[in-house]
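The structure's right below; bear with me while I get my questions together.
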Amino acid sequence: MANEANDSIAQPRPGALFLVATPIGNLGDLSERARDTLRDAGLLLAEDTRHTVQLLNACGIVRPPGSIESLHEHNERSRVQRVLERLQSGVRVALVSDAGTPLVSDPGAALVRAAIEAGIEVVAVPGPCAAIAALSVAGLPAERFAFEGFLPAKPSARLKVLQGLAAEPRTLVFYEAPHRLRESLHDLAQALGADRPAAVAREITKRFESVYRDSLAELAARAARDPDMARGEIVLVVQGAAGEAAAEHADVDGLLRVLLAELPVAQAAKLAARITGRARRDLYERALALGSPQR
């Protein structure tokens, strides 16, 4: 029955580009289809060839010498044309990131755009994705969500981004580096509200997989005292703004936009504080996040 189902699926033509999802920890999550694609593609493009070779070896996949090349953020644009030529000559090419689904906070977007523009078939070989896995176990609304990738490393830029998301009603999903977890949780609590429900998922599918569920303030406090919380790969999931909070932010944003059209940021924030009774500093930061032609 399985073979009949597979036979009913249209097979990609020669010269297709395959985007192959690979395990984020547990090697058992590599699908049979992904395994076959990694073995049979004429060219395998890897974010880090050393990492991918380790994966292939662990899974017993043998490839011909010289059939694995690197494609990462520093060389992608320079290699796109050469890869396109290989695709146009009929070579099937597979693209993998270090873990998870390619292009999700990983390289490959420039190659995919170029392939589509050149009329080349682009095929997804779906599988593991840390963002989706974390969302599924967070215990927060998952019907609608916004994936924001990695937050900025600089505190001022990070806070500005978060303030811009304060009124977002959808569940928010972020990736974060372990050494920035404590600071990011603090900024999330400050920008989105200390009581906002959230989850920190670390080392998903791995031996020390853990999911911490609490308010942003409590999660920030725990991260400050528990070093284990900031070890390994981390995904942050934060509940979206409630209806009243979202409406309140929308009202304030509307007021600020009107004022910013006529006034510099500082004056707009000062006047908005008088009108709304809210803290001038908070409104100033929000005005910066919204931007101003007068700034």
Between T49 and A46 (side chain of the first, backbone of the second, donor and acceptor by atom type, cut-off under 3.5 Å), is there such a pair?
no

Does the pair L30 and C59 meet the rule for a side chain to side chain contact (heavy atoms under 4.5 Å, CB included), with working shown?
CA-CA 9 Å; L30 185 69; C59 295; 3.8 Å; yes

Taking everything shown except R158 itself, do over 12 heavy atoms lie less than 6.0 Å from its CZ?
yes

So does L87 get a backbone contact from the side chain of R92, meaning a donor-acceptor N/O pair under 3.5 Å?
no

Least distance between heavy atoms, A268 atom then L259 atom:
O-CD1, 3.5 Å

Inspect the contact between R257 and E262 and indicate whether a charged nitrogen and a carboxylate oxygen are less than 4.0 angstrom apart.
no

Would you check if there is a donor-acceptor pair between the side chains of S70 and D48 at a distance under 3.5 Å?
no

In one Ile/Leu/Val/Met/Phe/Trp/Tyr side-chain cluster, 4.5 Å: L181, V237:
no

Is a donor from one side chain sitting under 3.5 angstrom from an acceptor on the other, for S184 and E176?
yes

Would you mind reporting whether E121 and V123 have side-chain heavy atoms less than 4.5 Å apart?
yes

Give me the atom names and distance for the closest heavy-atom approach of A138 to A199.
CB-CB, 3.8 Å

Rounded to the nearest 0.5 Å, how far apart are CG of L56 and CZ of R35?
10.0 Å

Do L185 and L236 have side-chain heavy atoms sitting under 4.5 Å apart?
yes

I need the L159 CG to H186 NE2 distance, nearest 0.5 Å.
9.5 Å

Between V122 and A115 the two heavy atoms that sit nearest each other are CG2-CB, 4.1 Å

Heavy-atom pair of closest approach, residues V80 and A114:
CG1-CB, 3.5 Å

If you look at every heavy atom in G232 and E203, which pair is closest and at what distance?
CA-OE1, 3.1 Å

Measure the shortest side-chain to side-chain distance between L260 and V265 over non-hydrogen atoms and say whether it is less than 4.5 angstrom.
yes

Are L288 and L256 linked, directly or through intermediate hydrophobic residues, by side-chain heavy-atom contacts shorter than 4.5 Å (ILVMFWY only)?
yes

For the CG atom of L192 and the OG atom of S215, what is their distance to the nearest 0.5 Å?
12.5 Å

May I ask you to decide if R231's main-chain N or O and R202's side chain share a donor-acceptor pair within less than 3.5 Å?
yes

Flag side-chain contact, heavy atom, 4.5 Å: K270 against Y284
no

Is a side-chain donor or acceptor of E76 paired with a backbone partner of G108 at a separation under 3.5 angstrom?
yes

As a quick check of understanding, evaluate side chain to side chain contact (heavy atoms under 4.5 Å, CB included) for R225 and R182, giving each step before the final call.
CA-CA 10 Å; R225 66 176 185 268; R182 178 179 174 181; over 6 Å; no

Counting C-beta onward and ignoring hydrogens, is there a side-chain heavy-atom pair between R50 and V53 closer than 4.5 Å?
no

Please round to the nearest 0.5 Å and tell me the distance separating atom CD1 of I204 and atom CD of E209.
6.5 Å

In Å, rounded to the nearest 0.5 Å, how long is the span from CD of Q163 to CD of Q190?
7.0 Å

Given 3.5 Å as the limit, does a donor-acceptor pair link the side chain of D40 with the main chain of T37, or not?
no

Rounded to the nearest 0.5 angstrom, the SG-CG distance for C129 and L103 is 11.5 Å

Kindly indicate whether the side chain of L38, heavy atoms from C-beta on, has any atom under 4.5 Å from the side chain of L44.
yes

Looking at D36 and R39, is there a salt bridge between them, counting it only when a charged N and a carboxylate O are closer than 4.0 Å?
yes

Any link between I234 and L172 through a network of hydrophobic side chains (Ile, Leu, Val, Met, Phe, Trp, Tyr) touching at under 4.5 Å?
yes

Honestly curious: do L45 and I116 fall in one hydrophobic cluster under the side-chain, below-4.5 Å linking rule?
yes

Any donor and acceptor pair, going by atom type alone, linking the side chain of S210 with main-chain N or O of F208 inside 3.5 Å?
yes

Examine distances only and state if a side-chain atom of R274 and a backbone atom of A269 form a donor-acceptor pair shorter than 3.5 Å.
no

Check: E47 and E73 side chains under 4.5 Å, non-hydrogen atoms:
no

Identify every side-chain donor-acceptor pair in residues 143-156 under 3.5 Å, counting partners at least two apart or on other chains, and give the distances.
none

Which of these passes side chain to side chain contact (heavy atoms under 4.5 Å, CB included) with I24: T205, V235, T101?
T205

Same cluster or not: are L19 and I120 linked, directly or through other Ile, Leu, Val, Met, Phe, Trp or Tyr residues, by side-chain heavy atoms under 4.5 angstrom apart?
yes

For side chain to side chain contact (heavy atoms under 4.5 Å, CB included), just list the numbers for L111 and L17, CA-CA rounded to whole Å, side-chain angles, deciding distance to a tenth of an Å, and then say yes or no.
CA-CA 9 Å; L111 175 60; L17 172 63; 4.0 Å; yes

Distance-minimising heavy-atom pair for A131 and Y175:
N-OH, 3.2 Å

Heavy-atom distance under 4.5 Å between the side chains of P23 and L55, does that happen here?
yes

In this structure, are over 12 heavy atoms from other groups packed under 6.0 Å from D228 atom CG?
yes

